[in-house]
Peer 1: 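Before anything else, here's the structure in question.
Numbered from 1 within each chain, the chains take letters A, B, ... in sequence-line order.
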Number of protein chains: 4
Amino acid sequence: MKFNTIGIITKPQAEAARKTLQALFDFLKNNHCNIILDEQIPDTFNCCGFKKESRSELGKKCDLVIVVGGDGTILNAVRSLAHASVPLLGINVGRLGFLADISPDELEASLHEILNGSYHEEQRLLLEMQVTRDGKVIFEADAFNDVVVHIRDIARMMEFETKINNEFVNHQRADGIVVATPTGSTAYALSSGGPLLHATLEAITLVPVSPHTLSSRPLVVNADSEIDILVCSTKEGIAQVSCDGQLSYDVHVGDHIKIKRKQDKITLLHPKSHNYFEILRAKLHWSEHS
Amino acid sequence: MKFNTIGIITKPQAEAARKTLQALFDFLKNNHCNIILDEQIPDTFNCCGFKKESRSELGKKCDLVIVVGGDGTILNAVRSLAHASVPLLGINVGRLGFLADISPDELEASLHEILNGSYHEEQRLLLEMQVTRDGKVIFEADAFNDVVVHIRDIARMMEFETKINNEFVNHQRADGIVVATPTGSTAYALSSGGPLLHATLEAITLVPVSPHTLSSRPLVVNADSEIDILVCSTKEGIAQVSCDGQLSYDVHVGDHIKIKRKQDKITLLHPKSHNYFEILRAKLHWSEHS
Amino acid sequence: MKFNTIGIITKPQAEAARKTLQALFDFLKNNHCNIILDEQIPDTFNCCGFKKESRSELGKKCDLVIVVGGDGTILNAVRSLAHASVPLLGINVGRLGFLADISPDELEASLHEILNGSYHEEQRLLLEMQVTRDGKVIFEADAFNDVVVHIRDIARMMEFETKINNEFVNHQRADGIVVATPTGSTAYALSSGGPLLHATLEAITLVPVSPHTLSSRPLVVNADSEIDILVCSTKEGIAQVSCDGQLSYDVHVGDHIKIKRKQDKITLLHPKSHNYFEILRAKLHWSEHS
Amino acid sequence: MKFNTIGIITKPQAEAARKTLQALFDFLKNNHCNIILDEQIPDTFNCCGFKKESRSELGKKCDLVIVVGGDGTILNAVRSLAHASVPLLGINVGRLGFLADISPDELEASLHEILNGSYHEEQRLLLEMQVTRDGKVIFEADAFNDVVVHIRDIARMMEFETKINNEFVNHQRADGIVVATPTGSTAYALSSGGPLLHATLEAITLVPVSPHTLSSRPLVVNADSEIDILVCSTKEGIAQVSCDGQLSYDVHVGDHIKIKRKQDKITLLHPKSHNYFEILRAKLHWSEHS
């Protein structure tokens with residue numbers, strides 16, 4: 001066995017995951033794996049009395065972490081394991097995700113293959129974000145999909161200035177801006193008109209949201225770029241910054257939102273049959289013709 | 001003189017308007033016009049002790065209402081005068097507006113012409129919006145630009161269902177939707193990817209904001225259409241409806257936002273030389289080639 | 001019976017239509033209709049020796065013309081019958097069309113209903129286009145979907161100037177421009193980023209194709225607008241004008257392409273159950289969520 | 001002096017370049033540079049009887065090649081010097097280019113600085129393209145901006161299948177597709193809705209032109225990707241492939257257009273003050289606000 005100690009993360013409330021979890025437990029026990037559960041998993045799910053540990057301990061002790069849930073659950077898991085070098089595997093609970101790409105039906109076959117060392121390994125980049133006010137860091141968080149700076153109040157807009165590697169890019173009036181990894185290029189950045197970046201491209205995309213300047217266009221820059229967004233005006237509204245749509249923070253005029261890649265990448269495992277474009281086609285409905 | 005009693009509306013705080021207002025007062029007095037000020041104008045602006053009246057009285061007593069300010073001031077004035085049949089004229093205070101298209105420089109020449117009956121007259125449509133909950137109207141307002149239904153919280157999205165004339169159009173997941181008049185087609189609808197509707201077209205446009213369904217497209221329907229947007233889900237966030245970005249109201253799952261044209265149109269006056277496309281070119285920077 | 005003399009048009013080569021045609025013939029004979037075939041239908045399709053007439057005679061003698069085929073066949077039929085007041089009905093041959101919205105499966109039920117006078121009637125507008133050179137008309141044609149002016153040679157572009165009702169709109173550098181009816185707003189105009197216009201809206205849309213000016217946007221104007229496109233430059237390439245993608249003509253620098261609505265509208269019949277938005281949803285795949 | 005032997009390329013017909021050329025000659029002679037002209041420069045431009053050589057010899061003998069002209073002249077020069085390791089410098093003839101970013105006004109100051117070794121150096125990638133038919137290469141060419149596959153006839157469309165590194169991406173119906181370098185991302189790809197790629201990003205973008213599938217989106221992939229476009233159908237029209245809009249070739253159903261990066265990069269020199277985003281802002285008119 002390539003992987004012996006397996007961590008398991010799932011969304012505590014996810015009733016839909018229960019059946020898949022049980023199948024997973026059975027499979028792993030039959031394969032004599034050592035199982036550690038994320039401590040957030042409620043005891044009602046822990047039928048067999050597995051050991052429970054914090055995310056941080058999971059990162060240290062496991063050879064592999066399996067996440068059962070939707071893309072949101074994986075985003076959350078990735079951010080908490082970014083510092084560790086443990087690879088992740090995503091099992092969806094019924095609906096194909098961009099990240100949770102193993103379906104419950106193929107759970108046993110896929111896991112068998114992967115535990116035996118036959119898999120496709122992918123390194124993906126994460127972002128780290130800091131809000132600075134008067135020169136001091138007042139909030140920081142990681143993002144696997146995107147950092148979004150956005151006016152909260154409807155039908156107001158904000159003004160902001162973007163610098164990349166300390167070079168002035170532009171001053172925009174818009175609802176906001178999305179700074180996305182390739183992983184996040186299929187999420188909110190896409191809804192806002194951004195391009196699809198291949199999952200392993202070393203790049204970051206900046207996509208304006210409802211820009212007032214009609215000639216604004218999505219920009220794709222090197223993953224090593226340091227991005228600085230200065231909040232210039234919020235027109236009586238409140239602006240926020242959000243990471244993966246899961247962690248939010250109010251920002252004020254004069255605040256800088258600084259974004260750069262994390263030193264660590266995350267390792268995702270997929271079955272050998274994994275095909276990025278197949279997932280794109282399925283999720284974006286490319287195959288249907290009118 | 002074609003117009004004898006002239007109402008004047010301006011944004012109370014608009015210091016920038018003071019000089020233009022004074023020039024306007026002088027001109028109108030020299031032309032023996034009867035002047036009534038909007039009661040919201042502070043006395044510090046009312047050097048000559050003109051009579052002050054409510055918007056509603058302005059609508060009844062005036063032959064013409066002149067608005068000094070930006071497009072926002074005119075939007076506000078139009079909504080409060082929609083019921084009256086008095087025509088409006090917009091004078092900007094330094095920056096060309098889509099609506100405030102007379103510049104202070106040409107104030108005297110333009111007004112001279114217009115007061116003598118030589119002008120271009122334009123009828124524009126307005127929307128009326130009602131929010132209904134459990135079958136009861138709980139909020140209503142008019143809009144000259146647009147009615148926007150939008151999730152307030154950043155990086156969440158809402159689900160809603162749109163019907164037109166009681167026919168189901170679609171179910172969308174998006175940040176929101178803009179329902180705009182032709183006047184509003186150059187405002188938020190445009191930032192969200194909507195088309196430009198000629199100012200006098202008898203049509204309404206529905207423009208999704210950051211839609212999750214990539215095949216969503218702006219839709220243009222007859223001005224007599226009755227639009228019904230049902231809030232289906234707000235994913236733990238708060239959705240709002242907003243008219244012209246100036247009046248907002250929180251909406252809940254199950255609320256219907258019903259939008260249709262107002263019976264009354266508003267009459268805008270422009271100098272004879274007014275040219276809609278010239279304003280589009282100037283405001284949208286169509287003339288510059290790279 | 002509401003309709004006694006029925007004209008039939010189909011695409012001569014359409015082998016796929018044969019079975020549907022036969023079912024149609026049988027149904028109409030059983031219902032004692034008088035059948036006249038379009039003279040372009042080959043004799044191999046005319047099993048029963050029906051009378052054949054020119055399109056022009058079909059227009060005069062028939063109470064109803066049924067078109068069996070795809071949207072292309074209907075576009076062709078509509079242009080040739082625009083002058084007549086005969087209504088049209090479209091039966092598709094296996095794939096739902098925007099225009100051919102009766103499927104072979106429901107042919108008998110739908111026709112029964114329609115022939116008995118129970119149907120939904122829709123008036124749609126057409127365009128007429130003239131190319132003038134040195135003040136003389138050198139080409140003219142009608143369009144039901146769109147008039148497209150386009151550079152033919154790949155990776156060149158053209159420059160043109162647009163006027164509406166003799167007012168200058170803009171000077172553009174682009175691959176071309178689509179001027180579309182509401183019917184055509186679901187065709188090439190849509191691929192080029194244009195909005196959807198409800199089928200019965202009294203409007204025309206102008207959509208630039210790959211514009212160099214990034215602030216160019218689709219424009220929607222009143223159906224009574226007279227549009228004039230002046231070819232300014234073609235950069236060593238050849239520009240063409242095309243109606244419904246079916247009739248093309250080379251245009252030169254200095255040529256004017258003049259487009260306005262036809263005086264006549266076309267009448268389309270649909271089953272009572274016809275729903276415009278249902279067809280949009282089906283054809284544009286609006287129902288699928290990722 | 002850092003550079004002693006300087007090659008000079010300009011567009012033979014470019015009368016506009018004559019004055020700038022003369023200033024350039026004077027400056028280089030005063031600085032004791034050895035000058036070699038591109039053999040395509042007409043003798044009427046060669047006032048001083050400089051030596052003339054082929055592009056291939058320029059590549060071998062020069063320390064630096066200066067191109068006087070517009071972006072088109074530089075595209076042409078880059079393709080012919082891609083094999084050589086000589087750096088290029090672009091001087092525009094009156095209108096700022098994305099590539100020709102030294103204006104005639106600053107010619108002397110900029111050159112002085114650069115010849116003395118103070119400059120900004122940039123490596124940019126090129127593409128190489130092969131058309132294969134029945135397994136044989138029938139056409140090949142390089143591109144610095146883009147390879148475009150496009151239906152030539154107006155208002156027809158083509159169908160094609162895209163593979164990347166031998167993985168099936170999608171089957172599209174569209175007017176065509178642009179495969180662009182970062183350099184080309186500001187050209188035709190941008191008009192077709194593609195993103196801006198920073199000039200030195202190691203990536204290639206694939207942008208569909210007027211796609212029929214509304215969910216088609218621009219894709220950005222690693223620069224090492226091997227792209228294969230198979231022409232599936234051209235609907236009675238003629239499809240072409242074009243490199244930088246300067247070299248075209250008719251392609252047939254069944255042909256493969258294979259595109260990958262060239263092994264060699266091109267080196268562009270800029271003045272120290274060069275700022276990529278400043279050029280973007282100037283060319284795309286980002287600074288103007290409505």
Side-chain angles (χ1 to χ4, degrees), chain A residues 72 75 143 145-158 172-178 180 184 186-194 196 207-216 235-251 280 283-286 288 290, chain B residues 72 75 143 145-158 172-178 180 184 186-194 196 207-216 235-251 280 283-286 288 290:
Chain A
L75 289 172
N145 261 350
D146 48 37
V147 177
V148 181
V149 185
H150 203 283
I151 192 75
R152 202 188 59 171
D153 298 82
I154 172 180
R156 304 239 179 272
M157 51 97 184
M158 60 184 299
Q172 290 190 75
R173 297 194 296 168
D175 278 11
I177 185 169
V178 188
T186 56
Y188 191 53
L190 187 62
S191 297
S192 300
L196 295 163
V207 184
V209 182
S210 298
H212 284 228
T213 304
L214 296 184
S215 57
S216 278
K235 296 266 167 183
E236 303 149 41
I238 293 167
Q240 289 184 316
V241 64
S242 168
C243 289
D244 294 346
Q246 298 182 335
L247 307 161
S248 290
Y249 193 81
D250 283 3
V251 290
L280 277 192
K283 297 285 290 178
L284 305 183
H285 305 290
W286 277 357
E288 292 96 359
S290 58
Chain B
L75 289 172
N145 260 350
D146 48 36
V147 177
V148 181
V149 186
H150 203 283
I151 194 74
R152 201 187 59 171
D153 298 82
I154 173 181
R156 302 240 179 274
M157 51 96 184
M158 60 184 297
Q172 290 190 75
R173 296 195 296 168
D175 278 12
I177 185 169
V178 188
T186 56
Y188 191 53
L190 187 64
S191 296
S192 300
L196 296 163
V207 183
V209 182
S210 298
H212 284 230
T213 304
L214 297 183
S215 57
S216 277
K235 296 263 166 185
E236 303 151 41
I238 292 167
Q240 287 184 317
V241 64
S242 168
C243 288
D244 293 346
Q246 299 182 332
L247 307 161
S248 289
Y249 192 80
D250 283 3
V251 290
L280 277 192
K283 297 284 290 178
L284 306 182
H285 306 289
W286 277 358
E288 293 95 359
S290 58

Peer 1: Please list, chain by chain and in numerical order, all residues satisfying side-chain contact (heavy atoms from CB on, under 4.5 Å) with B:S215, sequence neighbours excluded.
Peer 2: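 Residues passing side-chain contact (heavy atoms from CB on, under 4.5 Å) with B:S215: B:T213, C:W286, D:L214.
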Peer 1: If I measure from the heavy atoms of chain A, does B:S248 come under 4.5 Å with its side chain, its backbone, both, or neither?
Peer 2: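 For B:S248, side-chain heavy atoms alone lie under 4.5 Å from chain A.
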Peer 1: Partners of A:S216 by side-chain hydrogen bond (donor to acceptor under 3.5 Å, both in side chains), sequence neighbours excluded?
Peer 2: A:Q172
Peer 1: In the structure I gave you, are the side-chain heavy atoms of B:V209 and A:S210 within less than 4.5 Å of one another anywhere?
Peer 2: yes
Peer 1: So how far is it from A:I151 CD1 to B:R152 CZ, rounded to the nearest 0.5 Å?
Peer 2: 11.5 Å
Peer 1: Tell me, side chain or backbone of B:V178 under 4.5 Å from chain A's heavy atoms, or both, or neither?
Peer 2: neither
